[in-house]
Amino acid sequence: VTTPVSALQGALAAEHAACYGYTVSGAYLSGSRQAAAEQDWTGHDQARDALAGMIARLGATPVAAQAFYDLPFRVHDAGTAMALAAYLEDGVTGGYLGIVSVDDQRLRSFGALAMQGSADRAAYWRGRTQAFPGLASRLASVGSARVVAGEDPGDRGGGLINVVGDGDPLGPGPPEPPDAVRAAAGVDVLLQRPRSRVDHVQAGPTPRRRHQPSLQPPMRQLIGQLLQINSLLVGPFGFHRNHHCNV
Amino acid sequence: MLLASATTLPLLLAIAGCRSSDLFAGPDPLAGRPRPDNDVVTLQAVIAAEENLIGLYQAAVTGASRTISRRGDLEPLLAQHEQHLASLRARLLVPSGQGGQGGQGGSGGRGAPPTRGGLGGSSPRVIAVIAELRAAESASAAGLVRRLATVQPALAQLFASIAASDATHVTVLAGLES
């Protein structure tokens with residue numbers, strides 16, 4: 001059974017990794033893409049502060065960021081930088097997916113709404129949407145969880161198994177090659193050429209994604225209710241190209 | 001013959017202070033079909049909603065045959081909704097002999113096709129159809145999140161993932177509207 005603390009810690013670890021990863025991605029991006037990376041970094045920084053606060057209020061010590069992270073593949077240009085950003089967002093989506101499995105209803109909603117934000121960002125960086133954000137690489141295993149109609153609820157099986165959740169997308173654990181990013185996403189184009197926008201969008205000169213107003217305010221509202229954020233101080237943001245890579 | 005009557009047997013049992021389950025092993029054969037589990041009811045409702053959403057997309061894509069670019073924009077989204085539906089149906093097992101909506105053993109029918117036209121009309125019509133799809137996607141995402149509270153964790157995660165996918169579709173469609 002996933003506890004609220006362990007689920008929140010997993011999401012926090014993913015946010016830590018995302019904060020680190022975006023400083024690398026941003027170093028290889030320019031113009032509006034770099035601005036988008038900075039905006040996303042800011043969002044992740046705020047999210048990890050919020051998660052740390054939630055964990056502390058539950059009486060636990062928030063997991064700390066690692067001193068450095070191994071990147072899953074070499075980042076050397078805009079295309080690989082965008083692929084890394086998509087990879088990071090996938091990890092964050094997986095982190096919040098773990099929160100959806102806890103019993104607390106408010107936390108479930110919180111995790112689900114956070115997944116929508118990270119999935120949207122991943123779609124922007126990847127250039128395509130996914131059918132199952134956070135579950136893409138694990139759908140086969142989840143497929144065994146079934147509900148049987150017309151039987152006594154106490155007799156049916158499944159459902160409680162195969163709950164999944166991710167944490168830090170950059171470690172620990174064995175690194176994933178670039179192909180794994182594509183396999184998990186079920187799409188192509190990663191590491192091939194930069195995309196300026198979600199693939200299906202035709203109009204609009206700005207490469208920045210557009211957020212759906214009706215979805216975002218509830219997220220902010222929910223965070224406000226859950227976390228009671230009065231103010232968030234965002235530290236100086238600096239991109240850097242000095243990073244570890246395991247390829 | 002009288003004792004064999006399904007209508008008189010419960011009465012006789014009640015007079016004797018017995019229930020039919022006292023005479024038979026296993027589920028009470030006279031108790032009727034057991035009430036569906038909450039997860040079943042929820043899953044069936046989500047399947048029906050997904051079918052309706054697919055119906056909207058199919059009508060839009062069919063109507064978009066003369067506007068190839070819009071059709072190309074919508075078909076990937078439709079394909080992902082068909083993946084959603086397949087995944088949802090795979091989680092609902094309907095025992096043979098039972099009807100039911102959705103699920104592998106269900107009717108499998110699509111929702112009623114929308115009465116309005118697709119994307120083959122004028123530009124304002126295209127925008128209106130896309131706006132309708134976007135609103136439907138937004139409502140779907142919100143509806144799935146609302147249903148998270150009462151289902152088992154694994155099903156909640158599937159709903160949350162589909163809701164996240166729907167949310168990305170909202171962004172795509174918002175771009176198409178402009």
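Quantities reported herein were computed from a predicted structural model and do not represent experimental measurements. Throughout, a chain's letter reflects where its sequence line sits, starting with A, and its residues are numbered from 1.
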Task: chain A contact via B:Val151 - side chain, backbone, both or neither, heavy atoms under 4.5 Å - done: both

So which atom in [X] and which in [Y] form the shortest heavy-atom distance, rounded to 0.1 Å?
X	Y	result
B:Ser161	A:Pro133	OG-O, 2.7 Å
B:His84	A:Ala131	NE2-O, 2.7 Å
A:Arg108	B:Gln152	NH2-C, 4.1 Å
B:Leu158	A:Leu135	CA-CD1, 3.8 Å
A:Leu97	B:Gln157	O-NE2, 2.8 Å
B:Gln83	A:Phe132	O-CZ, 3.4 Å

TODO: Please step through side chain to side chain contact (heavy atoms under 4.5 Å, CB included) for the pair B:Val170 and A:Gln116, ending with a clear verdict.
DONE: CA-CA 11 Å; B:Val170 170; A:Gln116 294 180 11; over 6 Å; no

Open item on the list: What's the separation between atom CZ in A:Arg106 and atom CG in B:Leu148, rounded to the nearest 0.5 Å?
Closed with: 15.0 Å

Task: Reported OG1-to-CZ distance for the pair B:Thr168 and A:Arg128, which is rounded to 0.5 angstrom - done: 12.5 Å

TODO: Compare all side-chain heavy atoms of B:His169 with those of A:Thr129 and state whether any distance is below 4.5 angstrom.
DONE: yes

Task: With sequence neighbours excluded, residues passing salt bridge (charged side-chain N to carboxylate O under 4.0 Å, His left out) with B:Arg147 - done: none

